[in-house]
Amino acid sequence: MVMALIQESFFLPPLDFSSSQTWKSCRCPACSCWITSFFPWFGLDIGGTLVKLVYFEPKDITAEEEEEEVENLKSIRKYLTSNVAYGSTGIRDVHLELKDLTLCGRKGNLHFIRFPTHDMPAFIQMGSEKHFSSLHTTLCATGGGAYKFEQDFLTMGDLELCKLDELDCLVKGVLYIDSVGFNGHSECYYFENPTDPERCQKLPFNLENPYPLLLVNIGSGVSILAAYSKDNYKRVTGTSLGGGTFFGLCCLLTGCSTFEEALEMASHGDSTKVDKLVRDIYGGDYERFGLPGWAVASSFGNMMSKEKRESVSKEDLARATLITITNNIGSIARMCALNENINRVVFVGNFLRINTISMRLLAYALDYWSKGQLKALFLEHEGYFGAVGALLGLLDSA
Amino acid sequence: PTAVCLRNIITLSGSLTKLAYYSTVQHKVARVRSFDHSGKDIDNEPLYEISVQEEITARLHFIKFENTYIETCLDFIKDHLVNTETKVIKATGGGAYKFKDLIEKKLGLKVDKEDVMTCLIKGCNFVLRNIPHEVFAYQKDSDTEFRFQTNHPNIFPYLLVNIGSGVSIVKVESEDKFEWIGGSSIGGGTFWGLGALLTKTKKFDELLQLASKGQHTNVDMLVKDVYGGAYQTLGLSGNLIASSFGKSTTADKEFSKEDMAKSLLHMISNDIGQLACLHAKLHNLDKIYFGGFFIRGHPVTMRTITYSINFFSKGEVQALFLRHEGYLGAIGAFLKGAEQDNPNQYSWGENYAGSSGLMSTSPDVYPMQRTRSGTFDMLEMDRLERPLVNLPLLKDPSTYIPDTVDLTDDAMARKYWLTCFEEALDGVAKRAAASQPDSVDAQERAEKFRQKYWNKLQTLRQQPFAYGTLTVRSLLDTREHCLNEFNFPDPYSKVKQKENGIALKCFQSVIESLDSLGWEERQFALVKGLLAGNVFDWGAKAVSDQWLERLKGPPHKCALIFADNSGIDIILGVFPFVRELLSRGTEVILACNSGPALNDVTYSESLIVTERIAAMDPVIHSALRDEKLLLVQTGSSSPCLDLSRLDQGLAVLVRERQTDLVVIEGMGRAIHTNYYAVLRCESLKLAVIKNSWLADRLGGKIFSVIFKYEVPCK
């Protein structure tokens, strides 16, 4: 009885199913799970540190639908959309919400939610308590955690995950969000005059013809992809020196306990007390090799000296850690761009969230070391593209 | 050496000071001189006169010591500074600033600072060109931790990754052309500085010690921590690090110093390896040499860097290291200062007697040795009279390996040969002392020689890789260098003189009896003669037949013969053979050692012997006159033969005369070395195996004959 009700109520008219298949699910080509795209529409990206969740809230629900909407679903919708924080660690990034989006013929808002990966069991528990499985929707998930937590979803939450490839989701997510824009504004932006702090400013960038593109995803670690067309992309390389390294080292060096705290400290520190600069060694520029005196010659190089170790602050250390990791990512990205012969580099990932220091430094470093040949681009929805891609995966396959 | 005269002094300082200086070393050499025989009773006179003379040769010294000894060192330099024309000394590195005043005050010289990287690259080119087995790959968990590389005739282009406090990546295209193509601030200073902060451990070496005991998986977030297993679609193993320090993102957990140090080491090594590979790929280079204090003799970092390069290049690029990496800057600074002496114009040879070997890889096992070589370490290079080059007839110079058995690789063989040399040592020392009966201190010097060589052998037992690949040749050469060091330039000189005299007396009757034989019998006897009569087992008959068949064909254009011993061997073995070749219309280049080694015939001895034979034999006489028989020197003073380091004059002649046959005779040249050498022309390798172990190894019996006639594949 309940089944029939759901099928009837949440069948999606615009999906072009032939009449005989109307309510049937289909096999996901990627992991051959059963995909059904009834509401609620979720996309999940379970990373090493953070879980990213996107939720499409339909706004065009008819009175009839509303009436027939099962209690469970209603409560999920209300819970998600009426709160900005969930439990002690879940957060909805309200400023990123995409309004009046048309997705598969339905109008609605896209919500962006994140919580730490170590709270994953609690999340699955909650899903189980809210009888999520009774909704018979498919949960599309990407990221390493889709594999790691697959069994937990099944046993604790009675949910079968549809696992989607990380790269596919990321690329799909980026292209989709960029194409719909950010509530009338540009999703993509860059920094003009990155080498001049006075004149440096954030400006929209038109990513209409995105290819070829180097996509640098900075999560706990870093993945670098080269995209040549919609279907032609590959992982070029990656590095283990990523957001996790910044945060991990900051915890050890300063005793901080949140990413926000680490960034806050970094913003008040002076990395030149910690790092050895070219001018500290050569007294100025190292002209033989064309190295400017301000360039870092050795990250944490001053910390070889006992006196200097005793004179730096936690803020200085946090700043140096941030600069070290950021410069290194910039340097590897630049080398990949050269090797792949690509001149536009898009940086995404949650490392960049509220992290203007790193974004400006990346823009600066790429511009400076490539003598203006490479351009660093950024996207407003930093770390959510994998999750968006997972949501699109759900709708595509159905 | 009896006297040292310093010409140029360079210091380079980090926490260690490296001093490079150029000295002229006075040492004894044996000379032979022909008597004027006119009107004398030839029969009762020795064939020629032997004299020991003082000779002055150039030597480069590189010494490394801790900065605390700098004053003592400067005093030493001051005392030996003979040439007052030197007004300026070159210095490079951080210490150039630190010790400038001290040096200027002590020595009364002006300190001239040189660019670090320029010096480094100059030094690197120098060692790559002049020191065999300079380069090695590091393989932990294999029998041979150090895999030494054959010197490639063309050393360019290459990538030099110098990991000091930061990282510099330099592309070197030629002697003078190099370019900084990139770098990274994450280097040795990051390991040290960040490591000191994280572990409260102050010293770099201690940090490495900590790291070698830690478990990085406690601190790093691995792929399997994120995925629960491997990331199969991308083929990423579960054990890969997804995020360095990704597990330390919590304020309420303690991590061990060892684990953090290990994680830091992996993070930095992987990062450097990745950047190096990206640069190598962009510039299409496959040789990457790593240096700098982060690497310097530390197996821990050589291992992690090697791992990283293998991983990121998918095995396409090899991480290479240099034996004398720590000296590059000093060598380069020195070369800059010594440009008027044109050191690059000469060939140089590593003096095994005066150089300390590569550091021990197991600091726990040999802490004494490590301390010793860490604080005081030296390298000596002797300037060779003439430049050395490849034999133009080598099929593939870049893959040519002179030595037949690699004793670094083969523990059984190593044990055997080291014992052999140990057991023979007393005899060698006795012979050395006996060779100078008139010298009052000969006994004392012989004992010093014995002690020095014994110590070298003990070092090699523990660190077989200390001087590059260990071979019978290197053991023999080291012995010669040690003998020279204690002024025994030619212990066999009298024996050779006597044997040459006796053999010459038999020459004519040997020739007569050979000439009386039928053609085929004579060819057989000639080969037998080349093998110096030690032929008990004629097991190589079949090969000899092939040689006979060849002789029935057209004569060779020109034969190059590497002679072995003085006495019967050269006079009654080689010369009749040479005579036969000449009679066939083949020109002959007879190559003998430039300097003495064992009882091998030297170039100067060969001149006298040939002159005397020419006086008896019209064939040899006319051949000498018409320049059909040419005597040359090999450029070597080794009982073995390295075809990639031969006198340039020899190489020129070989090319000019279109040499199409190479004859190599004797154990040292044809068995210990060159047994597997492949040439572009016909070759004859002959020897009698006078060692049962080796006979066994090569599948024969003791005193069996090696007669290898090889024709290159078309």
Side-chain angles (χ1 to χ4, degrees), chain A residues 47-49 117 143-145 147-151 165-167 219-221 235 237-245 247-253 255-257 259 274-276 281 288-291 295-306 309 317 324 327-328 331-332 335-336 338-339, chain B residues 94 115 117-118 164-166 168 170 179-180 182-198 202 204 219-221 223-229 231 233-234 236 240-252 255 260 266-267 270-271 274-275 278-279 281-282 312:
Chain A
T49 312
T117 305
Y147 295 81
K148 188 177 176 181
F149 295 102
E150 185 181 17
Q151 203 53 39
D165 180 75
E166 224 171 310
L167 307 190
S220 323
R235 182 177 188 273
T237 188
T239 165
S240 68
L241 285 83
T245 316
F247 183 29
L249 280 174
C250 273
C251 289
L252 293 172
L253 292 171
C256 69
S257 52
F259 180 73
V274 179
D275 295 338
K276 205 185 266 292
I281 300 175
R288 180 67 184 79
F289 283 164
L291 290 176
V296 184
S298 173
S299 297
F300 288 86
N302 280 341
M303 299 297 92
M304 291 188 272
S305 133
K306 187 167 177 285
R309 279 203 295 278
L317 292 172
T324 302
N327 268 332
N328 191 59
S331 167
I332 292 174
M335 288 309 297
C336 291
L338 287 174
N339 271 318
Chain B
D115 174 62
M117 280 318 283
T118 312
S165 49
S168 280
V170 183
E179 185 192 357
W180 185 89
S184 169
S185 66
I186 301 185
T190 314
F191 178 70
W192 194 342
L194 196 45
L197 289 169
L198 291 171
K202 291 171 195 120
F204 180 72
V219 184
D220 290 342
M221 184 187 283
V223 165
K224 68 179 170 206
D225 295 323
V226 183
Y227 280 82
Y231 183 4
T233 40
L234 282 184
L236 297 181
L240 282 181
I241 305 170
S243 174
S244 294
F245 289 90
K247 277 185 193 157
S248 67
T249 52
T250 158
D252 41 58
F255 295 90
M260 289 188 292
H266 276 302
M267 174 180 109
N270 286 339
D271 191 55
Q274 179 172 27
L275 278 168
L278 285 167
H279 282 283
K281 188 179 170 198
L282 188 66
F312 284 107

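The shown structure was predicted, so the numbers you read here are calculated from the model rather than taken from an experiment. Proteins get letters first, then strands, A, B, ... in listed order; numbering begins at 1 in each.
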With only heavy atoms counted, which part of A:N327 is less than 4.5 Å from chain B, the side chain, the backbone, both or neither?
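A:N327 has no heavy atom closer than 4.5 Å to chain B.
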
Between A:E166 and chain B, which part of the residue has a heavy atom less than 4.5 Å away: side chain, backbone, both or neither?
both

Between atom [atom1] of [X] and atom [atom2] of [Y], what is the distance when rounded to the nearest 0.5 Å?
X      : Y      : atom1 : atom2 : value
A:T245 : B:D220 : OG1   : CG    : 8.0 Å
A:L241 : B:N270 : CG    : CG    : 8.5 Å
B:K247 : A:C251 : NZ    : SG    : 15.0 Å
A:S298 : B:L194 : OG    : CG    : 10.0 Å

Can you give me the closest heavy-atom contact between [X] and [Y], atom names plus distance?
X      : Y      : value
B:W180 : A:F289 : CD1-CD1, 3.0 Å
A:G244 : B:T249 : O-CG2, 3.7 Å
A:K148 : B:D225 : NZ-O, 2.6 Å
A:R309 : B:A196 : NH1-CB, 3.4 Å

Where on B:M221 is there a heavy atom nearer than 4.5 Å to chain A: the side chain, the backbone, both, or neither?
side chain

Among [options], which residue has the highest count of heavy-atom pairs closer than 4.5 Å to chain B?
options                       : result
A:G290, A:G48, A:G145, A:C256 : A:G48
A:N328, A:T324, A:V296        : A:N328
A:G47, A:S257, A:S331, A:G243 : A:S331

